[in-house]
Structure formats: structure tokens, C-alpha cells
> 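Following this message is one structure expressed as C-alpha cells.
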Amino acid sequence: MPELFLTNSLSRRKERFTPLDPSHVRMYVCGPTVYDLAHLGNARAMVVFDVLARLLRALYPRVTYVRNITDIDDKINTRAAESGEPIGAITARTTADFHADMAALGVLPPDVEPRATGHVPEMIEVIERLIASGHAYAAEGHVLFAVASFSEYGRLSGRSPDELLAGARIDVAPYKRDAGDFVLWKPSTPDQPGWDSPWGRGRPGWHIECSAMSWRYLGETFDIHGGGRDLIFPHHENEAAQSLCAFPGSHFARMWLHNGMLLVNGEKMSKSLGNFFTIRDVLDRAPAEAVRLLLLRAQYRAELDFSDVALAEARKELDRFYRALERHPDAVAGAVPEPVMGALCDDMNTPLALAALHALADAALAGEADAAAGLRASGLLLGLLGADPAAWFRGGADGAEIDAAIAARLAARKARDFARADAIRAELAAKGIVLEDGPGGTTTWRRAS
RNA sequence: GGUCCGGUGGCAGAGUGGUGAUGCAGCGGACUGCAAAUCCGCGAAUGUGGGUUCGAUUCCCGCCCGGACCUCCA
């Protein structure tokens, strides 16, 4: 079995992945806050960790992958107040949209997908532990984490507590002991969603959700915690602080993985900047599989600039892969060839893996059936190339009408009326249909990429 | 301002202390009525100034440029 190496944000180094329990690998990834459609940046994180989950499953006998749904959040409350739509309706609809987007992108469901609303008692329990051990305090209906009580605070994000306090640029609430203290629990007004707690009716802070849900499903210490690089601070720093203090002696996540940001025109795509494409926007313009490939064309830690050019290139790459598979219809996915597995095991080097896929495609096109089998297997590991080549090239178009046009063109060619034959071809081209003449008067067609 | 990450052909994007992958685009050729696809071939890159070294794109330092984070963010 090849050894897996991953870059741990905690050490900022590439490390050999050594699971706590090799018979059961456990991973937690921060899922979406369900108040609006997911954008392509969200998709990147989901696709990256989907590939990691697939890779782990290929390497280890059992993997538990937990990815939460955050359905308690003030952005949701704000949205409900603005639109008048009930909170439960917003979160249910947005969750369903998210699931549909993930399915389109070939992102497999996680093993457990806990929702914050279903785990408030666990959150309260974690908070009570923190208060009991002196790491948190109640003040004016709030419960706050005392960053001064945790000497390791700032380790993940690489900041010293002093810097964090000095850099605090928000108004510091008067009930905070330190400017860097963050909310574990806050009071709700009667019109806001709330749960009864030892501190009155209120709702949890954002970070505590993940601490509670990872604990519930993966235990105090687990193998991998993933998310976008922009979550390192404050979210993951705070999450780690809470969990490490609530469960003394634990390690929480042994390895932290963070994917780079998706950029648009050199700037981060984010909801707050408003420069985002929703996943649906992009799926209207290109096949979902091309979008997935696009997201895997850069190494996960690097930034990735989204563009229509890149999308078109991804589509053409898939054309070539599917052409190679079409050449060998009987090739069944076999073992994943070493160059592909080796690249993925080296810190999920998907661009290098894709280069290996191109080499397999070349060999398959040259006639090697084994290469086609390896190509198919490699694609499947990446969540790609699962379609029938015919569906990729010709799905969704009216075959009968095209066949009739091809027949008419064939007749014109036999009569050596090439002007007419070319006119028919041009008409089809205008409709996005490309013809390919084979030997012996056969003609096949495909949609233009 | 502080912390961190990065700068590789026209574009995208890997690797590497010793003649710089891969894809897209471009150019030439084969094939084709012409194309398309496929095949063969070609040109084309390590931001900048130092240092270490027999040798640096790779390691170290400065500079320039870009990006992320600094309590909403994947």
C-alpha cells in the first residue's frame, strides 16, 4: 500500500499520514451554512475533500467522513427577517439545493452529515465543561471562551495572543474579559431561534457547532480536519481551542488540511465580496464534469483562478479522455496505475495525476486496452470519467434529426456534390454539432466542446 | 501595519541541487474531396539583486510584484 503524505497546517509541513487507528480513519470537514446557494469556491472545498475521502477509502478499510450542515447562524436569521420566509424553510430548501449541486459535481455524500439544530445539547455540554474547567465564563446572558486561559491559543493560525488582541478591529463588547474572547453562547430575543440552556434561552456561537459535532461522531481525537484556508482564523483556531480545553489530554484534529481560495480575476470569490458565481451559474455554462475537472487542475493548496478559458480547457481534456475510453468499450476499470496513485498520495497532487491520465489516454488511443482500463479506474478515483463516452459526446442532442442530415450529406458526397455536403456540415456546426468522417464512408457526430 | 502563502513558456500548471512534466493555444507534416478526430514533428519559461555550491529554477538573504488572514467567509 502506498504511503500517503499530506501537508499539515499545524506544522506547515508535508507529513506522513499515520491514522490513529489504521482500521478506521476519521475525517471532519466544515460544511456549508445554509442561507443561500453555494458558490464555486464552496464547491472547490467540497470537491477537494471528496477526492481525499475517496483516496482514503482506497487506502484504508474503513473511513468515517463527517461534514456538517450549519443551520443555526445569524446570516440565516437575517435572511429570514428580510424575506419573511421561515427559517426552517430557508435551511431545508438551501440544504436540498446544496445536495443537488454536490450530486451534480460528483461529490459523494459524507458518511455523517450532522446539523447544528440537532446537536444543541452536545454544544451545551461542551460549554459546561469549558466553564467548569475555567476556560469559559458567563456574562450578561453570553458565554465566552477566555483565550487567556489557553496558552496554545494562536498556534494553528501562527499568531501570538498578543498580536491577536492588538489586531482586534471590532468593537469590543464590554462584557468580554479580553478583546479576543469569543462567543460560545448568546441570548436570543423572542423572535430569534433559541434553545433553553443554563444561561437562559439563547443560541450557540458558530465555532462551538463543529467542536460538538466532531466530538459526537468522531470522538475527542480524530485524524483529519479540513476546510478552506480562510477558516483557519478565527474558526479553526477557536474550534481547536474549545475542543482541546474541553477534553484535556486529547489532540482534537491530528492533521489540519486547508484548501486554497478560488479566485475570480485574481481576487477571492466570496459571498461577502459579491463577486461569486453560484455552482448553478457555472453548471448552466458547462458540463458538471468539466467543472469538477477544472477544480482539480490545480493542487488543492494553491489558489485557483476561475476563468471561461480554463473551463473550456477542462472540457477539451475530458473530450480526449472520453475518446480514449470510447476506443476501448470493453475495458473495465482495473487497478489505479501507480503514477496516478503515487501523485495523489503525494499531498493530493491532482495536476500531476491528471498528467498521468493523459499518458494513459495516449496509450489507450494507441491501442492499449490496459491503459484504457487504468484510465477509467484513475478517473473514478478522482470522481471523473464515470459516464458513457456516448453520453459525454452526444448526450442531450436530437440524434434522429442529425442522422438524417448525415445521410443527406453522405448522398451528396457520393454524388461528389461537396458544396452541398459542406453546407449540411456547416448547418450542423452552427447548432454545435461536429462531424467526424471515418474510413469507409462512416460518419460520427458529437457536440462541440 | 502584523502574520502567512506564492511568482515557471502565449495561457493553465507539475517536478527537480546537474541537459525544465503535462494540458490548451500556435506552427510544420501525414491522413481527408475539404474538414474533424488521430498520429509524427517544432518553437516557446523558472520576477529581480546578492550569497552558499564544481553546479541554483530548486537552499539562504534583500528587493519588487500578487494573493490570503487579522473575529461574516470554503
Side-chain angles (χ1 to χ4, degrees), chain A residues 9 12 29-33 35 38-49 73-75 78 147 154 157-160 162-172 179-183 205-207 226-235 237-238 258-263 266-273 276 293-294 297-299 301-305 307 309-310 312-317 319-320 323-324 326-327 343 346 349-359 361-362 365-366 393 413 416-419 421-422 425-426 429 434-439 443-446 448:
Chain A
S9 301
R12 290 166 186 77
V29 171
C30 290
T33 299
Y35 70 101
H39 60 65
L40 202 55
N42 302 119
R44 186 185 188 193
M46 296 304 111
V47 167
V48 161
F49 290 105
D73 186 275
D74 284 352
K75 287 193 290 291
T78 302
V147 295
S157 56
R159 299 151 205 265
S160 73
D162 291 346
E163 287 169 39
L164 290 169
L165 299 186
R169 66 180 182 191
I170 53 157
D171 293 334
V172 178
D181 291 356
F182 55 91
V183 170
W206 176 32
H207 318 300
R229 188 167 220 73
D230 55 349
L231 292 183
I232 291 178
F233 191 87
H235 186 48
E237 188 72 60
N238 292 353
H258 292 99
N259 62 278
M261 296 295 95
L262 188 82
L263 310 182
E267 245 192 338
K268 182 171 83 158
M269 175 187 289
S270 76
K271 288 185 176 177
S272 57
L273 290 176
F276 64 93
L293 177 58
L294 163 70
R297 297 209 322 156
Q299 210 264 355
R301 285 184 295 110
E303 287 166 346
L304 169 57
D305 209 346
S307 71
V309 171
E313 285 185 11
R315 212 165 154 159
K316 286 175 191 167
E317 287 189 55
D319 280 346
R320 188 168 175 84
R323 220 165 250 134
E326 194 170 41
R327 189 71 58 91
D346 185 8
N349 193 335
T350 50
L352 190 60
L354 289 170
L357 261 69
H358 279 289
D362 288 345
L365 285 165
F393 287 119
R413 289 177 71 207
R416 301 199 64 81
D417 181 356
F418 294 120
D422 290 352
R425 184 168 63 192
V434 177
L435 298 187
E436 297 181 359
D437 294 333
T443 298
T444 57
W445 63 274
R446 63 185 169 86

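Reckoned from all heavy atoms, side chains included, excluding hydrogens, waters and symmetry mates. Chain A is the first sequence line, chain B the second, and so forth, proteins listed ahead of strands; every chain is numbered from 1.
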> Can we say A:E317 and A:R297 salt-bridge, meaning some charged N sits less than 4.0 Å from an Asp/Glu carboxylate O?
yes
> Should A:R425 and A:D422 count as an ion pair when the cut-off is N to O under 4.0 Å?
yes
> With no angle test and no hydrogens, is the base of B:C31 tied to the side chain of A:D437 by a donor-acceptor pair under 3.5 Å?
no
> Output the single nucleotide from B:U71, B:G33, B:G13 whose closest atom is nearest the side chain of A:F182.
B:U71
> Any donor-acceptor pair, under 3.5 Å, between the side chain of A:D422 and the base of B:G33, if you only look at N and O atoms?
yes
> State which of B:G23, B:U71, B:G33 makes the closest approach to the side chain of A:A421.
B:G33
> Which distance, rounded to the nearest 0.5 Å, do you find between the CG of A:D305 and the CD of A:E267?
10.5 Å
> Without decimals, in angstroms, what is the distance between A:H235 NE2 and B:C70 C1'?
17 Å
> Give one of base, sugar-phosphate or nothing for A:N349, where a contact means two heavy atoms less than 4.0 Å apart.
sugar-phosphate
> Nearest to the A:A355 side chain among B:C24, B:C69, B:A21, which nucleotide is it?
B:A21
> Base, sugar-phosphate alone, or nothing: which one does A:R446 contact when heavy atoms must sit under 4.0 Å apart?
sugar-phosphate
> Touch check for A:V309, heavy atoms < 4.0 angstrom, all strands: base, sugar-phosphate only, or nothing?
nothing
> Which atom names give the shortest non-hydrogen contact between A:N349 and A:L352, and what distance separates them?
OD1-N, 3.1 Å
> Please report the distance separating the P of B:G55 from the corresponding atom of B:U16, rounded so that it comes out in whole Å.
22 Å
> Assign the ring pair A:H39 / A:F276 to parallel, tilted or perpendicular, where the plane angle (0 to 90°) is split at 30° and 60°.
tilted
> Any chance you could encode RNA chain B as dot-bracket? Rule is Watson-Crick or G-U wobble with both distances under 3.5 Å; [ ] for pairs crossing earlier ones, | for another strand.
(((((((..(((.....[...))).(((((.......)))))....(((((..]....))))))))))))....
> Reckon A:K268 touches a base, only the sugar-phosphate, or nothing at all at heavy-atom distances under 4.0 Å?
base
> B:A12 base to A:R297 side chain: any donor-acceptor pair below 3.5 Å?
no
> Look at the side chain of A:E313 against the base of B:G23 and say whether a donor-acceptor pair falls under 3.5 Å; ignore hydrogens and angles.
yes
> B:G33, B:A14, B:C11: which one has an atom nearest the side-chain heavy atoms of A:F418?
B:G33
> Quick one: the side chain of A:R229 and the base of B:C4, do they pair up donor-acceptor inside 3.5 Å?
no
> Any side-chain N or O of A:R320 under 4.0 Å from OP1/OP2 of B:C39?
yes
> Heavy atoms only, 4.0 Å cut-off, all strands: where does A:M46 land among base, sugar-phosphate and nothing?
nothing
